[in-house]
Amino acid sequence: QVQLVESGGGLVQPGGSLRLSCAASGGTGTFETYAMGWFRQAPGKEREFVAVSSGSGERTDYSDSVNGRFTISRDNDKNTLYLQMNYLKPEDTAVYYCVSTRWTYLYTLPFSYRTPSDYPNWGQGTQVTVSS
């Protein structure tokens with residue numbers, strides 16, 4: 001059973017920065033054998049893909065809405081995923097979820113990774129609020 005625990009959310013002013021962390025434990029195989037990502041859900045909206053990382057961390061992808069402002073990274077020695085969020089906007093306000101799926105091709109992304117059903121493992125989420 002994979003466990004994902006997010007931290008680092010909070011209240012920040014527009015234009016500010018936050019870094020989210022996701023600590024992973026359990027499951028089959030090592031941390032690097034999981035493609036990891038972030039989704040978010042704003043009030044009244046569906047869950048939205050934010051970013052994804054291959055097991056090695058060398059391949060990443062982002063939604064158009066965050067590309068150029070957010071950076072996903074991972075430390076495989078610490079079993080931890082990160083999301084550095086810069087130039088935050090009020091529309092970034094949401095609960096952010098860490099997700100994972102077993103994918104042993106460490107240098108590629110899964111064939112499908114932008115929909116919630118692509119990920120069997122979810123954290124409980126951390127609230128990010130961007131407001132002045």
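Note: Thr28 OG1 to Gln1 CD = 10.5 Å, rounded to the nearest 0.5 Å. For the atom pair CZ of Arg59 and CG of Leu106, the computed distance is 13.0 Å after rounding to the nearest 0.5 Å. Taking CZ of Arg74 as the reference point, atom CG of Leu83 lies at 13.5 Å (rounded to 0.5 Å). The CG atom of Asp92 lies 12.5 Å from the OG atom of Ser131; values are rounded to the nearest 0.5 Å.
The aromatic rings of Phe39 and Tyr119 stand perpendicular to each other, their planes meeting at an angle above 60°, with 30° marking the opposite boundary.
Checking Arg19 against Gln84 by side-chain atom types alone, no donor-acceptor pair falls below 3.5 Å. Using a 3.5 Å distance cut-off with no hydrogens or angles, the side chains of Ser63 and Ser65 do pair a donor with an acceptor. With no hydrogens or angles considered, no side-chain donor-acceptor pair links Ser54 and Trp103 at under 3.5 Å.
Residues Trp38 and Leu81 have side chains in contact (heavy-atom distance under 4.5 Å, counting atoms from C-beta outward). Contact of the Met85 side chain with the Val66 side chain is not registered, since no non-hydrogen atoms from C-beta on lie closer than 4.5 Å. Using a 4.5 Å cut-off on side-chain heavy atoms (C-beta onward), Pro110 and Asp118 make no contact. Side-chain contact between Val2 and Tyr34 is present, with at least one heavy-atom pair separated by less than 4.5 Å. You'll find the side chain of Pro90 reaches within 4.5 Å of the side chain of Pro14, heavy atoms only. The side-chain heavy atoms of Phe70 and Leu88, taken from C-beta on, include a pair separated by under 4.5 Å. For the pair Tyr97 and Arg47, the minimum side-chain heavy-atom distance is below 4.5 Å.
The cluster map of Ile, Leu, Val, Met, Phe, Trp and Tyr, joined by side-chain heavy atoms under 4.5 Å apart, puts Val50 and Val12 in the same cluster. In this structure, Val128 is not a member of the same hydrophobic cluster as Val99, with clusters built from ILVMFWY side-chain heavy atoms closer than 4.5 Å. Note on Tyr62 and Tyr96: same hydrophobic cluster, where clusters join Ile, Leu, Val, Met, Phe, Trp and Tyr whose side-chain heavy atoms are under 4.5 Å apart, directly or indirectly. Residues Tyr107 and Leu109 fall into different hydrophobic clusters, defined by Ile, Leu, Val, Met, Phe, Trp and Tyr side chains chained together at heavy-atom separations under 4.5 Å.
Side chain of Ser21 to main chain of Ser7: no donor-acceptor pair is present (N/O by atom type, distance under 3.5 Å, no hydrogens or angles). For the pair Asn76 (side chain) and Phe31 (backbone), a donor-acceptor distance under 3.5 Å is absent. Between the side chain of Arg69 and the backbone N or O of Tyr87 there is at least one donor-acceptor pair closer than 3.5 Å. A donor-acceptor pair under 3.5 Å links the side-chain atoms of Thr93 to the main chain of Val130, judged by distance alone. Formation of a donor-acceptor pair under 3.5 Å by the Glu6 side chain with backbone atoms of Gln124 is found in this model.
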Could you walk me through whether Cys98 and Trp122 pass the side chain to side chain contact (heavy atoms under 4.5 Å, CB included) test, one step at a time?
CA-CA 6 Å; Cys98 175; Trp122 289 72; over 6 Å; no
Kindly determine whether Asn79 and Ser25 satisfy side chain to side chain contact (heavy atoms under 4.5 Å, CB included), including the steps that lead there.
CA-CA 7 Å; Asn79 291 1; Ser25 61; over 6 Å; no
Would Ile72 and Met36 satisfy side chain to side chain contact (heavy atoms under 4.5 Å, CB included), going step by step from the backbone distance to the final call?
CA-CA 9 Å; Ile72 188 171; Met36 304 286 297; 5.6 Å; no
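Atom CD of Glu91 has more than 12 heavy atoms from other residues, nucleotides or ligands within 6.0 Å.
Considering every non-hydrogen atom in both Ala24 and Leu4, the closest pair reads CB-CD2, 3.6 Å. The nearest pair of heavy atoms linking Thr80 to Lys78 is OG1-O, 2.8 Å. Here the shortest heavy-atom pairing between Ser53 and Gly57 reads OG-CA, 3.4 Å.
Test Arg40, Gln41, Arg114 against Glu48 for side chain to side chain donor-acceptor pair (under 3.5 Å) and you get one pass: Arg40.
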